[in-house]
Amino acid sequence: MRTLVWTLVLALVLAGCGGEAAPLPYESNETGNAELDEAVYGVLETLYQPDGTEAENLAAVYGWVSEEIAYRAGTADVSGGFTEELIQELALEGLSKRRGNCDTEAAVMAALLERLGYGCEILQGQFLREDGQWVDHAWVRAEVDGEWLHFDPLYGRYYAEDPADYCMQPDSALEGTHRWEAGED
């Protein structure tokens, strides 16, 4: 009898004590831009797995950006840095057109990760091309379990044997291929 009671208590706790599911992390982290929120929500609704691990869900977001946002050369005026307004503008454009440069991919990645509740920053730096030249570049760093990890779907897609090599990586993993100004963590 005691085992049955504990089994029922555990089942109620796991079910949320009232049968109501806990809200998904992206349901309450709105950007304030209704059009962007709708686009981000639509993507996360197809990707986010409530029963998946944090790493699985983050990898799904990274994989989606890598596969669904086609590279298109272009430039955005990032001379003033990645302001919230610019990030929203680039993310909305990238989500609606499904194409863009590294600035756009970084903005889309940041919008998705922030909607999941992660603190993010878009890094402006450079990456090392195969010809040995350093090229201006942007990618995302997000705080996951107290550690700042890099997400660079564009570099992973075009320059790595395994695109996952540039998903959720610590600073040390990118030191040979990326340069950026050290920020405050």
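This chain uses plain numbering: 1 for the first residue, then up along the sequence. All values below were derived from every heavy atom in this structure, side-chain atoms included, with hydrogens, water molecules and symmetry-related copies excluded.
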Looking only at heavy atoms, what is the nearest atom pair of [X] and [Y], with distance?
X	Y	value
A39	L95	CB-CD1, 3.9 Å
A138	F82	CB-CZ, 4.0 Å
P153	M109	CG-SD, 4.2 Å
E67	R157	N-NH1, 4.4 Å
Y166	A160	CE1-CB, 3.6 Å
E105	I69	OE2-O, 3.3 Å

message = If the threshold is 4.0 Å, N to carboxylate O, is there a salt bridge linking R72 and E93?
response =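 Answer for the salt bridge query: yes.
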Can you tell me how far [atom2] of [Y] sits from [atom1] of [X], rounded to the nearest 0.5 angstrom?
X	Y	atom1	atom2	result
L174	R141	CG	CZ	10.5 Å
L112	Y48	CG	OH	13.5 Å
T177	E130	OG1	CD	12.0 Å
F151	L58	CZ	CG	4.5 Å
S66	Y71	OG	OH	14.0 Å
L92	N33	CG	CG	6.0 Å

How about [X] and [Y]: do any of their side-chain heavy atoms sit closer than 4.5 Å?
X	Y	value
L36	E89	no
L86	D103	no
L123	E181	no
V144	M168	no

Checking [X] side chain against [Y] main chain: does a donor-acceptor pair fall under 3.5 Å?
X	Y	answer
N101	T104	yes
R179	Q126	no
E175	A173	no
E56	T53	yes

note = Residue pairs meeting ring pair (Phe, Tyr, Trp, His ring centres under 6.0 Å), one or both in residues 105-137, sequence neighbours left out, come to F127-H137, F127-Y155, F127-Y159, H137-W139, H137-H178
inquiry  = Using a 6.0 Å cut-off, check whether atom CD of E84 has over 12 heavy atoms from anything other than its own residue.
reply    =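 Yes.
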task = Return yes when atom CD of E35 has more than 12 non-hydrogen atoms of other residues, nucleotides or ligands closer than 6.0 Å, and no otherwise.
result = no
task = Tell me, with the steps shown, if W180 and Q124 meet side chain to side chain contact (heavy atoms under 4.5 Å, CB included).
result = CA-CA 6 Å; W180 66 95; Q124 291 177 271; over 6 Å; no
request  = Using side-chain contact (heavy atoms from CB on, under 4.5 Å) as the criterion, point out the one residue from V43, D37, L44 that pairs with V40.
outcome  =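 It is L44, the one option of V43, D37, L44 that forms the side-chain contact (heavy atoms from CB on, under 4.5 Å) with V40.
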key: side chain to side chain contact (heavy atoms under 4.5 Å, CB included) between Q133 and L128, worked out   = CA-CA 6 Å; Q133 297 295 309; L128 183 62; over 6 Å; no
ask   = Are E121 and V140 close enough, and set up right, to give a side chain to side chain contact (heavy atoms under 4.5 Å, CB included), and what steps lead you there?
value = CA-CA 6 Å; E121 63 180 349; V140 174; over 6 Å; no
task = Output, in order, the C-alpha distance, side-chain angles, deciding distance and verdict of side chain to side chain contact (heavy atoms under 4.5 Å, CB included) for E147 and L149.
result = CA-CA 6 Å; E147 182 180 9; L149 301 175; 3.5 Å; yes
remark   = The ring-ring contact (aromatic ring centres under 6.0 Å, His included) partners of Y62 (sequence neighbours excluded) come to none
